[in-house]
Amino acid sequence: MATLEIRDLHVSVADGSDGTKEILRGVDLTVKAGETHAIMGPNGSGKSTLAYAVAGHPKYEVTSGAVTLDGEDVLGMSVDERARAGLFLAMQYPVEVPGVSVSNFLRSAVTAVRGEAPKLREFSKEMKKAMDDLSIDPVFAQRSLNEGFSGGEKKRHEILQLEMLKPKVAILDETDSGLDVDALKVVSEGVNRFASGDTGVLLITHYTRILRYVKPDFVHVFAGGRVVAEGGPELADELENEGYEKYAKAGASL
Ligand SMILES: Nc1ncnc2c1ncn2[C@@H]1O[C@H](COP(=O)(O)OP(=O)(O)OP(=O)(O)O)[C@@H](O)[C@H]1O
Ligand SMILES: [Mg+2]
């Protein structure tokens with residue numbers, strides 16, 4: 001059973017002048033295969049920073065703490081090694097890569113994760129089937145990565161990557177703001193399908209909207225770079241009704 005463990009994680013970024021600013025101030029979190037966790041919290045509370053730090057983004061410096069996947073030290077791994085170990089990160093703002101097609105990107109990603117390039121014909125078949133299952137138009141495979149993608153298309157592409165890469169743990173940082181109901185449903189169905197299998201899902205979200213479609217097993221509330229409250233799905237309902245105010249105060253006073 002795959003387990004991602006985050007222990008007392010402290011993360012800093014360069015503050016633009018000469019110093020650094022601590023964003024994460026001791027985060028503890030455990031995600032096991034088959035579980036869905038939601039991380040919720042006000043804007044600027046450090047949710048995306050957690051995703052970037054686990055992904056190995058060079059701007060985010062881990063100053064102390066540990067991240068392990070099945071006991072293996074994730075922080076010592078290169079970005080590629082993290083993917084190969086079974087981590088998948090979908091970012092809040094995916095980069096546009098003109099000139100690199102969706103199909104080329106997916107083949108490189110699959111090659112990185114599996115450790116060898118899949119045979120072209122088998123890969124094409126696999127990709128066609130996954131796209132078909134997600135009702136993605138076949139011409140999409142030839143589009144440039146993320147260029148001009150609508151919110152819904154970006155989300156479909158995210159779930160297509162999940163299908164192809166079959167990670168042990170997926171961290172999805174959701175821009176629920178720009179998403180229409182169609183896009184929300186695509187993500188939700190994808191997440192629900194994965195979470196019922198062997199994948200552990202960490203769903204990062206500011207709004208509770210997506211949680212009408214995805215029922216998390218655990219909800220963690222972030223404020224001021226820490227987890228300030230934890231509970232089951234009822235916590236998401238409480239946040240929907242009452243907002244983050246009381247937790248924002250808790251984060252500031254820690
Ligand atoms: N690369 C960076 N350089 C400078 N400051 C940063 C950087 N990344 C994050 N921060 C700061 O860290 C804090 C947390 O940002 P983060 O993006 O993790 O918040 P968030 O919880 O994901 O917010 P949102 O709900 O708006 O997506 C913010 O104050 C932000 O300005
Ligand atoms: Mg964010």
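A quick note: this is a predicted structure, and the numbers were derived from the prediction, not measured. One is the number of the first residue; the rest follow in order along the sequence. Atoms within a ligand are numbered from 1 in the order they appear, just like the ligands themselves.
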Inset, instruction - May I ask you to check whether S48 brings an N, O or S atom to under 2.8 Å from the Mg ion (ligand 2)? - result: yes
Legend entry - Ligand-residue contact atoms, ligand 1 with S48, heavy atoms, under 4.0 Å: 17 (O), 18 (O), 20 (P), 22 (O), 27 (O)
Legend entry - Shortest reach to atom 25 (O) of ligand 1 by a heavy atom, considering only K47, H57, H206, E22: K47
Legend entry - T49: numbered ligand 1 atoms lying under 4.0 Å from its heavy atoms: 9 (C), 14 (C), 15 (O), 16 (P), 18 (O)
Legend entry - Subset of ligand 1 atoms that lie under 4.0 Å from at least one heavy atom of P42: 21 (O)
Legend entry - Side chain, backbone, both or neither: the part of Y60 lying under 4.0 Å from ligand 1 by heavy atom: side chain
Inset, instruction - For the residue pair I204 and I171, establish whether any side-chain heavy-atom pair is separated by less than 4.5 Å. - result: yes
Inset, instruction - Would you check whether G46 has a nitrogen or oxygen atom less than 3.5 angstrom from a nitrogen or oxygen atom of ligand 1? - result: yes
Inset, instruction - Please could you name the atoms of ligand 1 that I23 approaches to less than 4.0 Å, counting only its heavy atoms? - result: 10 (N), 11 (C), 12 (O), 13 (C), 14 (C)
Legend entry - Heavy atoms from other residues, nucleotides or ligands near NZ of K215 exceed 12 (cutoff 6.0 Å): yes
Legend entry - Full working for ring-ring contact (aromatic ring centres under 6.0 Å, His included) between Y247 and F222: CA-CA 8 Å; Y247 296 109; F222 253 56; over 10 Å; no
Inset, instruction - Check side-chain contact (heavy atoms from CB on, under 4.5 Å) between D137 and all other residues, then give those that pass, not counting sequence neighbours. - result: V139
Inset, instruction - Flag the pair K128 and D132 as a salt bridge only when some basic side-chain nitrogen lies within less than 4.0 angstrom of an acidic carboxylate oxygen. - result: no
Legend entry - Aromatic ring pairing F218/H37, orientation class (parallel under 30°, perpendicular over 60°, tilted between): parallel
Legend entry - Heteroatom proximity flag, G44 to ligand 1, N/O under 3.5 Å: yes
Inset, instruction - Please list, chain by chain and in numerical order, all residues satisfying salt bridge (Lys or Arg N to Asp or Glu O under 4.0 Å) with E61, sequence neighbours excluded. - result: none
Inset, instruction - Classify the ring geometry between Y244 and H206 as parallel (under 30°), tilted (30 to 60°) or perpendicular (over 60°). - result: tilted
Inset, instruction - Check each atom of ligand 1 against the heavy atoms of K59 and keep those under 4.0 Å away; list them by number with element. - result: 1 (N)
Legend entry - For K21, the ligand 1 atoms whose distance to one of its heavy atoms is below 4.0 Å: 29 (O)
